[in-house]
**Q** 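Structure below; questions to follow.
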Amino acid sequence: LLVGVGLCSLLGALNPFEGIELWLQWLGAMILVFIVANYLKRDIVNPSLKLLIGVGYIISIYGFFQELCFDWVTHVSPHTPFATFGNVNWAAQFLVILIPLALVMFMQAKESKDKVFAGGGLILLLLYLFFTRSRGGMLAVFLSTLFIIFQVFFRTRSALVNPEVRKKM
């Protein structure tokens, strides 16, 4: 749907060639997500997700230092924690990707060390998102969290009703 809407929006674009370039990036990202979701094994994906959450730890800690006015690099707009992204909205965009991953990782973790790692990352990422003051980022995280809750609710509900779905879980 997103790819179709993006393709239709090229009709009114001032420069359709730039729009096609962006559309190809969207298409490539969606193909990559499809490949990862359907063909990679769990033992390959989990370390990659842990690495992403670990990078989120580092970015969040750097953003906390910027919020406390302790920064290693002088920048144009003081008191805005954008970490290494150059703009708070870019930092929020990164967090919008990581926060749902950390939430799902926390919900699915079986071992306590994985729960602590994902939960700690989730708390740090949410605090850093709050410090960025990005309304769009906060709205996106809210909507994605609602979507995850919706999915969990209906998945468990269908498992209670349908015994075949319960066997797959």
**Q** Between Leu49 and Val152, is there shared hydrophobic-cluster membership here, with clusters defined by ILVMFWY side-chain heavy atoms closer than 4.5 Å?
**A**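 Result: yes, single cluster for both.
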**Q** Apply side chain to side chain contact (heavy atoms under 4.5 Å, CB included) to Ile53 and Leu122, showing your working.
**A** CA-CA 8 Å; Ile53 303 296; Leu122 183 62; over 6 Å; no
**Q** Could you tell me the separation between the CG atom of Leu98 and the CG atom of Leu126, rounded to the nearest 0.5 Å?
**A**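 Interatomic distance, Leu98 CG to Leu126 CG, rounded to 0.5 Å: 11.0 Å.
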**Q** Cationic tip of Lys115 within the cone over Phe106's six-membered ring, i.e. under 6.0 Å and within 45° of the normal?
**A**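 Yes - Lys115 lies over the ring of Phe106, closer than 6.0 Å to its centre and within 45° of its axis.
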**Q** Taking all heavy atoms of Thr132 and all of Ala91, pick out the closest pair and write down the distance.
**A**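 What the structure gives for the nearest pair is CG2-CB, 4.4 Å.
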**Q** Let me check something: do Leu95 and Ile148 share a hydrophobic cluster, defined by ILVMFWY side-chain heavy atoms less than 4.5 Å apart, either directly or through other members?
**A**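 Leu95 clusters together with Ile148.
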**Q** Can you check side chain to side chain contact (heavy atoms under 4.5 Å, CB included) on Asp114 and Met105, steps first, answer last?
**A** CA-CA 8 Å; Asp114 290 340; Met105 196 173 173; 5.8 Å; no
**Q** Could you pull out the closest heavy-atom pair between Leu129 and Ala92, with the gap in Å?
**A**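 Residues Leu129 and Ala92, closest heavy atoms: CD1-CB, 3.9 Å.
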**Q** What heavy-atom pair brings Ser60 and Leu124 nearest, and what distance separates the two atoms?
**A**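 Looking at all heavy atoms of both residues, the shortest contact is OG-O, 3.7 Å.
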**Q** Is Leu143 reachable from Ile99 through a run of hydrophobic residues whose side-chain heavy atoms are each under 4.5 Å from the next?
**A**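 The answer is no; the residues belong to distinct hydrophobic clusters.
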**Q** I'd like to know if the side chain of Tyr57 and the backbone of Gly121 have a donor-acceptor N/O pair within less than 3.5 Å.
**A**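 Looks like yes, one N/O pair under 3.5 Å.
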**Q** Please check if Met107 and Ile149 belong to a single hydrophobic cluster, counting links between Ile, Leu, Val, Met, Phe, Trp and Tyr side chain heavy atoms closer than 4.5 Å.
**A**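 Cluster IDs for Met107 and Ile149 differ.
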**Q** Find the distance between CD (Glu111) and CZ (Phe117) and round it off to the nearest 0.5 Å.
**A**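 It comes to 13.0 Å.
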**Q** With rounding to the nearest 0.5 Å, note down the distance linking OG in Ser134 to OH in Tyr128.
**A**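 So the OG of Ser134 and the OH of Tyr128 are separated by 10.5 Å.
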**Q** Nearest 0.5 Å, what's the CG-CG distance between Leu27 and Leu22?
**A**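 Atom-to-atom, Leu27:CG and Leu22:CG are 11.5 Å apart.
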**Q** Search all heavy atoms of Ala118 against all heavy atoms of Ala102 and return the closest pair with its distance.
**A**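 Taking Ala118 first and Ala102 second, the nearest heavy atoms are CB-O, 3.9 Å.
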**Q** Return the CG to CZ distance between Asn89 and Arg133, rounded to the nearest 0.5 Å.
**A**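 If we round to the nearest 0.5 Å, Asn89:CG and Arg133:CZ are 12.5 Å apart.
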**Q** Assess whether side chain to side chain contact (heavy atoms under 4.5 Å, CB included) is satisfied between Phe17 and Glu21, documenting all intermediate values.
**A** CA-CA 6 Å; Phe17 295 109; Glu21 182 181 346; over 6 Å; no
**Q** Kindly work out whether a path of hydrophobic side-chain contacts (I/L/V/M/F/W/Y, heavy atoms less than 4.5 Å apart) joins Leu139 to Leu103.
**A**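 No, Leu139 does not connect to Leu103 through the hydrophobic network.
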**Q** List the steps and the verdict of side chain to side chain contact (heavy atoms under 4.5 Å, CB included) for Phe131 and Val88.
**A** CA-CA 9 Å; Phe131 286 152; Val88 291; over 6 Å; no
